[in-house]
Amino acid sequence: MSLHEAMLYGKQKDKKVKCFLCSRRCLINDDATGFCLVRKNEGGVLYSLNYGKAVSAAVDPISKKPLSHFNPGAQVMSIAAAGCNFRCQFCDNWMVSQDRTVSGKWFPPAEVVKAARERNCQGISYTYTEPTIYMEYAFETAKLARQVGFFNTFVTNGYMTPEAVQTIAPYLDAATIDFKGGGDPNFYKSFSSVPDVEPIYEALKGLRRNGIHIEITNLVIPKIGDSVNRIKEMATWIKETLGRDTPFHLLRFHPDYKMTTTPATSVETMEKAYMTARNAGLQYVYIGNVPGHPAENTYCPNCNELLIKRYSFEITRWNLTKDMRCPVCAHQIPINGSLHASGAPFPYALF
Ligand code: SF4
């Protein structure tokens with residue numbers, strides 16, 4: 001396996017390089033790596049160390065991303081490579097996202113697409129770790145995937161540069177942008193080691209300008225990241241910038257990594273967050289990680305008819321017309337793509 005030269009960097013004096021992939025914009029000395037630990041400068045050339053090295057591959061229902069308004073019922077081949085540009089203390093994939101050895105199994109783009117075809121997937125999802133920092137791997141896979149009619153989706157923290165957005169946009173169909181703690185800048189500094197949240201909002205605008213389907217999540221963490229004022233602010237920004245029909249998923253925290261003593265978020269707190277986002281004007285708000293909760297379902301914003309009933313990742317009842325309208329009042333529901341009734345409701349791992 002030869003080294004793979006990185007995209008999106010510039011050569012500087014003294015064999016230094018500047019990486020333009022994520023908003024950290026690291027200046028990297030010769031023989032050093034960037035903050036993400038998976039991009040290395042060797043003699044003034046930046047290399048992607050995680051190209052083609054998957055730390056995980058699985059067939060997932062698309063609802064796991066979560067994407068609730070994009071090809072419902074579809075199944076996707078999910079892949080991930082080592083590394084991350086965040087240091088979230090609550091990361092539930094920390095064993096691979098914070099892996100300093102850049103481990104992984106050689107699983108090149110053509111093999112990913114082949115595996116997806118063999119398992120009757122409809123798309124590829126770049127997920128679990130941060131796809132921005134394995135852009136070269138995602139980019140080549142996405143190009144091949146498009147050629148055989150697959151869609152591509154990113155599950156991302158959104159900390160990408162405008163250059164990165166423009167690079168992947170021609171091949172990207174949908175993106176889930178994961179916020180934490182209501183997007184509070186102090187929360188991001190303290191618990192994710194992220195200096196500035198503004199680039200995330202700029203990336204969202206860039207994705208929208210490129211016509212990419214967007215769904216947003218926000219992880220609600222007890223006490224340190226459950227402020228209803230922040231959720232109100234975030235919901236208002238989404239409504240005013242992306243539209244009130246943008247799906248907004250409030251995700252329940254569960255103890256993990258360096259935050260095992262923080263309890264899971266109470267259902268009561270999740271419901272308060274849900275009502276806050278609804279009252280701010282968003283039409284499609286969901287509660288995630290509380291299986292069986294009524295807020296997993298889609299309701300008509302016009303007449304409140306139950307349109308899509310879910311249990312965890314599974315669609316248990318479909319009550320929309322063929323052209324995605326409410327069967328009672330004919331209100332148009334914003335769903336991109338079509339219903340895939342044969343998709344597997346449960347994830348299973350290849351490795
Ligand atoms: S992807 Fe981000 S963290 Fe990694 S080297 Fe580039 S700018 Fe730094």
Side-chain angles (χ1 to χ4, degrees), residues 3-55 79-89 91 93-104 126-142 152 154-169 171-172 175-180 185 188-204 206-207 257:
L3 280 178
H4 192 96
E5 187 172 353
M7 304 165 93
L8 298 175
Y9 77 99
K11 299 192 182 206
Q12 311 279 308
K13 277 196 291 188
D14 304 325
K15 291 189 178 173
K16 292 179 183 174
V17 298
K18 187 152 179 94
C19 178
F20 309 138
L21 188 52
C22 92
S23 294
R24 288 192 186 272
R25 295 188 183 269
C26 297
L27 182 64
I28 310 171
N29 290 330
D30 188 14
D31 202 32
T33 53
F35 184 90
C36 58
L37 305 172
V38 293
R39 298 172 80 73
K40 187 173 186 194
N41 177 358
E42 290 199 5
V45 178
L46 188 65
Y47 292 99
S48 164
L49 302 179
N50 57 4
Y51 181 85
K53 289 167 76 176
V55 286
I79 58 163
C84 192
N85 52 353
F86 280 19
R87 295 284 181 271
C88 300
Q89 295 183 18
C91 181
N93 286 315
W94 61 273
M95 279 185 289
V96 285
S97 71
Q98 306 300 324
D99 172 15
R100 287 165 183 267
T101 63
V102 199
S103 60
Y126 309 87
T127 177
Y128 305 143
T129 56
E130 175 49 46
T132 306
I133 56 104
Y134 58 89
M135 178 64 85
E136 294 78 9
Y137 186 22
F139 180 80
E140 294 298 336
T141 307
N152 294 295
F154 262 32
V155 182
T156 172
N157 58 35
Y159 204 57
M160 35 173 101
T161 58
E163 298 94 307
V165 171
Q166 286 310 119
T167 299
I168 196 64
Y171 303 101
L172 195 61
T176 311
I177 312 296
D178 290 337
F179 280 93
K180 309 110 184 21
Y188 271 70
K189 276 187 200 127
S190 305
F191 298 103
S192 299
S193 306
V194 176
D196 181 16
V197 293
E198 212 41 51
I200 305 173
Y201 293 101
E202 290 306 311
L204 267 166
L207 291 166
Y257 193 32

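Indexing begins at 1, ligand by ligand and atom by atom, following the structure's order.
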Under a 3.5 Å cutoff, is there a donor and acceptor pairing between the side chains of Thr176 and Asp178? no
Please, which pairs that meet side chain to side chain donor-acceptor pair (under 3.5 Å) have at least one residue in residues 15-27, sequence neighbours excluded? Arg25-Glu163
Identify which protein N/O/S atoms are less than 2.8 Å from atom 6 (Fe) of ligand 1. Cys19 SG
Is it true that Lys40 and Asp31 have a side-chain N and a carboxylate O under 4.0 angstrom from each other? yes
Using modelled atom types only, decide if a donor and an acceptor are shared between the side chain of Thr161 and the backbone of Phe20 within a distance under 3.5 Å. yes
To the nearest 0.5 Å, tell me how far Met135 CE sits from Glu130 CD. 9.0 Å
Show the numbers, then the answer: is there a side-chain hydrogen bond (donor to acceptor under 3.5 Å, both in side chains) between Ser48 and Glu5? CA-CA 6 Å; Ser48 164; Glu5 187 172 353; over 6 Å; no
